[in-house]
Amino acid sequence: MKFGVLIFPGSNCDHDAFWTIQQVAKQPVTFLWHESHDLQNCDAIIVPGGFSYGDYLRTGAIAKFSPVMESVRKFADGGGLVLGICNGFQILCESGLLPGALTRNVGLKYVCKPVHVRVENNDTPFTNACRVGDVLTIPIGHMDGNYFCDDSTLAELKRDQRIIFRYATPSGEITEDANPNGSLENIAGICSPGRNVLGMMPHPERASESELGGTDGFRIFESLVGAMAAR
Amino acid sequence: MTTALDSVITPELIREHGITPDEYEKIKQLLGGREPSLTELGIFSVMWSEHCSYKSSRVHLKRLPTHSRRVLQGPGENAGIIDIGDGWACAFKIESHNHPSFIEPFQGATTGVGGILRDIFTMGARPVAVMDSLRFGPISATKGAQTTQAEIHKNHSILEGVVSGVASYGNCFGVPNLGGETKFEPCYSGNPLVNAFALGLVRKDQIFYAKAAGVGNPVIYVGAKTGRDGIHGATMASEEFSEASEAKRPNVQVGDPFLEKLLLEACLEAMQTGAIVGIQDMGAAGLTCSTCEMGARGKVGVEIEMDRVPQRETGMNAYEIMLSESQERMLLVAQKGREDEVYRVFQKWGLDAVEVGRVIAENTMRVLEHGKVVAEIPNEALTDDAPVYKRPLARWEPPVAREMPENIQLGSSDDFTAQLQQLLASPNICSKRWVWQQYDHMVQTNTVEAPGAGDAGLIRIKGSNRALAMALDGNGRWCYLDPKLGAMHAVAEAARNVACSGATPVGATNCLNFGNPEKPPIMWQFSQTIDGLTKACEELEIPITGGNVSLYNETLGEGIYPTPVLGVVGILEDVHKAVRPDFQTAGQAIVLLRGSEPGDATDAEIEFGSSEYAKEILGALWGYPPELDIEKEAALQKALVELAEAGLAASAHDCSDGGLAVALSESSFVQGIGFKVDIKSAGLPAECLLFAEDASRVVISCDQASLSRIQQLAAKYGLAAEVLGETVSGQIEIKIDGRTVVSTGVEELRNAYEGALETALRTEVGV
């Protein structure tokens, strides 16, 4: 059972994810360089946050062409577990592993703050340690987190219960005020049809230790570890 | 300005380079009697600029205390370094980017952040925190100040540009921004201050220095290509502003945080190979500065060939290449024969790494273009032999009354709820959430105390129990009234903020922002400030390990307030013992720990004129800054550290801008825990009791059961520990001698405090 954390030029949450997996979840973990096709037999891949390739052109637009993403695509097609966080979510959308796109925040500014997200579906490898309706406090930090997709994709996401997290009030209501970036239907995270690929804008690795103010984000890693053990 | 290399050196050309006739004579003498070439003239002009040579400030800076048993590197390197234990050290420094930020706010701010980050990682330290101290002109109409609508609009746009510039660079680079300060005063309208602080961690035995060594060793250029941007940036930063300054926009460099992130990773990885002898970033004065300084420090020379320098534009001549301030570049000396190890790392990160020259035995900087020498200058001529001026000083009195004006009446009102609310919403006191929410303050997962609530930013050190606290502080208005006392307050407050979290202050960096040093009153302000810093740092045992001086902060002859900004770093032995700034639960005791004695009514009135209340509510400025007993301050800070160590305080928050009433209110906002307090008047007017900014005071909350131990501890340090009242749920009530003077809810005050800046910005653009 081994985790792999991708490194693109400009990734800057790679070490944070690595630390959480190694020091908090106490699991084996390795870095995977963007120029290599070799996923080193990892059982779960983390596409970390940051500014891959400077996010020039468009967030995630260049990362999708990297050799490592070719392997990740194959890995995901075979049912492998992939978690994209923030820039990782953007890269997964650009790569076609998840539908839709993350556009500029409605406020047109970078927003860094803890937000509340409601767990919409716990029948996934990423949320099995949560209950449906749980409200998790996890920070966001992004400029482009405004999730958008067309009507038919949205209908599909809803039908298949692939909306995993929604921005909510502390008591779990889905309101406009609770939406930090203008995302369609307050979407904060979605998964692939096979539920083995999750993209989320909040940073669970930033809420995994009590010293840092909260551990709600660790539930995602806990779920993943559980799912990997059960496989 | 012509830069054709065959131009004849005319007096006009010399003047355009900011070189005086006397300085030109000295240049000729240092060159053995010959005239400089144009390239050499350009090189002298940047190295002898105020920005690079510190020619006006150097004689005064020598007075600052720079040593302690923890100081591993004092001033003179890219950053100061402090030993923090367990084999770790931290490198930190603050630097100004005022002039470029006025001309081009976004790029000026980005390159300010970029420059200070390079100063840190060039020493082998990975940057783990940044902060910034920002000062702008008013962004809304202010009582008592004549600021035009056009100025307000310009200030707003500078604020927007600077904040998004800081955000854009730091966020992409991936370093948490722990806050700092954002202040507004009319004097910064034409001259904003952008002071950026950065701190990095390095193993004590893996520190790198900007020193060339080993004759024959290759000199390698790494990072971004050289373009024409930023030529004469350092010279520009050494002049006053005029209406023509807008034309200097091309002098401002352009930042690329992505490239800097790659440069960081590549440099730290290349350092691990052991093949690097010395390394320096190319900041102000670019290739010129790194070449002669590295040579001078190593008592050797560096020879470089222009044709080998990676260039972004075609047709650049030696003058332009040597003076370019293109960003994200470094110069390093590698061990001969091990170049490939270095190249491999830079290639991995997709960066240029080119051998541009070699280390030579002569203590000289030699520049070749197409194999021909175009500049050959002894290193010392550019560094140690640069002019040093003992500029004349003239004692100066600010044009303000020292006594309270007669038309002002204190103590006549019996309810101050509205005034408190107004003060909490005033630009200098209100929440700066709009600013720091644009900054990633959590990346690297070390942030224990984020911006907003705390007095100091706090980060844990992974793999150890320790944490580092840091705070930036300055008060230009106080320094304007009394530069020496104001400077002492800046040190005291920054250190007090650090101590509030439980950390022991161990080192400081300073950014000294002043007007034109050729004016004797300005130079007097500067000298007084240095005296104040020296006294406070010595008493508090905080050495200054480096920093930066920014002079000529004047527009159309109007100087800014003398504004020293202090960055203080402290060590907290156990991160789990960090003390929060906000009230934790209802039912706890509230204690005012104070080192200062309350003065009599006359003193209180005189000092009240320097307060935020006087500025915001009364629209007036008079008197002096509050008195500061620096020995009591030192005792207070030691007591705070001991309180944290003993786990006695549930919260600790410094009383500063806005005084006691504001400190109590701020303590209540995070958790929504209010307070009921009763203050003894001791014959002072209510305004002074609530809003005066007496130094050396901290609001503490604690379990009722801990009270007696806290009082014992206070007595041991010679401090007063007055029980003011207790924390309650949701309500705010302040009494004076049993009579209610403030009564409201936490929510109401919090809304005023948190929404004020956004509201002011929205109103200004009419949205």
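Numbered from 1 within each chain, the chains take letters A, B, ... in sequence-line order. In this text the structure is predicted, and so the values were computed from the model without any measurement.
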Problem set entry | side chain to side chain contact (heavy atoms under 4.5 Å, CB included) assessment of A/Tyr56 paired with B/Asp256 | CA-CA 11 Å; A/Tyr56 295 140; B/Asp256 180 349; 2.5 Å; yes
Using heavy-atom distances under 4.5 Å, tell me whether [X] contacts chain B through its side chain, its backbone, both, or neither.
| X | value |
| --- | --- |
| A/Pro180 | neither |
| A/Ser210 | neither |
| A/Glu209 | side chain |

Interface residue of largest heavy-atom contact number with chain A, from [options], under 4.5 Å:
| options | value |
| --- | --- |
| B/His441, B/Gln444, B/Lys462, B/Glu265 | B/Lys462 |
| B/His576, B/Lys261, B/Gln437 | B/Gln437 |
| B/Asn171, B/Leu264, B/Val575 | B/Asn171 |
| B/Leu259, B/Asp440, B/Leu262, B/Thr447 | B/Asp440 |

Are the side chains of [Y] and [X] in contact, using a 4.5 Å heavy-atom criterion?
| X | Y | result |
| --- | --- | --- |
| B/Met442 | A/Asp16 | no |
| A/Glu211 | B/Asn446 | no |
| A/Trp33 | B/Lys348 | yes |

Problem set entry | Whether over 12 other heavy atoms sit under 6.0 Å from B/Glu758 CD |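 Yes - once you tally the heavy atoms of other residues, nucleotides and ligands closer than 6.0 Å, there are more than 12.
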Problem set entry | A/Gln40 atom CD: more than 12 heavy-atom contacts under 6.0 Å |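 Atom CD in A/Gln40 is packed in, count exceeds 12.
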For this session: Keeping the roles fixed (side chain from A/Asn12, backbone from B/Cys172), state whether a donor-acceptor pair exists under 3.5 Å.
Result: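 Confirmed, A/Asn12 side chain pairs with B/Cys172 backbone.
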Exercise. Closest heavy-atom contact between B/Arg460 and A/Leu212?
Worked result: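 That closest heavy-atom pairing would be NH2-CD1, 3.8 Å.
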Problem set entry | Atom pair CD/NZ of B/Gln438 and A/Lys109 - distance to nearest 0.5 Å |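 Between atom CD of B/Gln438 and atom NZ of A/Lys109 there are 4.5 Å.
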For this session: For the pair A/Tyr53 and B/Phe258, name the ring-plane relationship: parallel under 30°, tilted 30 to 60°, perpendicular over 60°.
Result: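 Because their plane-to-plane angle lies in the 30° to 60° range, the rings of A/Tyr53 and B/Phe258 count as tilted.
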Exercise. Most heavy-atom pairs under 4.5 angstrom with chain B, which of A/Gly54, A/Ser208, A/Pro139?
Worked result: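 Heavy-atom pairs under 4.5 Å are most numerous for A/Gly54.
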For this session: Side chain from CB out, backbone as N, CA, C, O: work out which of these in B/Glu260 comes under 4.5 Å of a heavy atom of chain A, or both, or neither.
Result: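 Looking at B/Glu260, nothing touches chain A.
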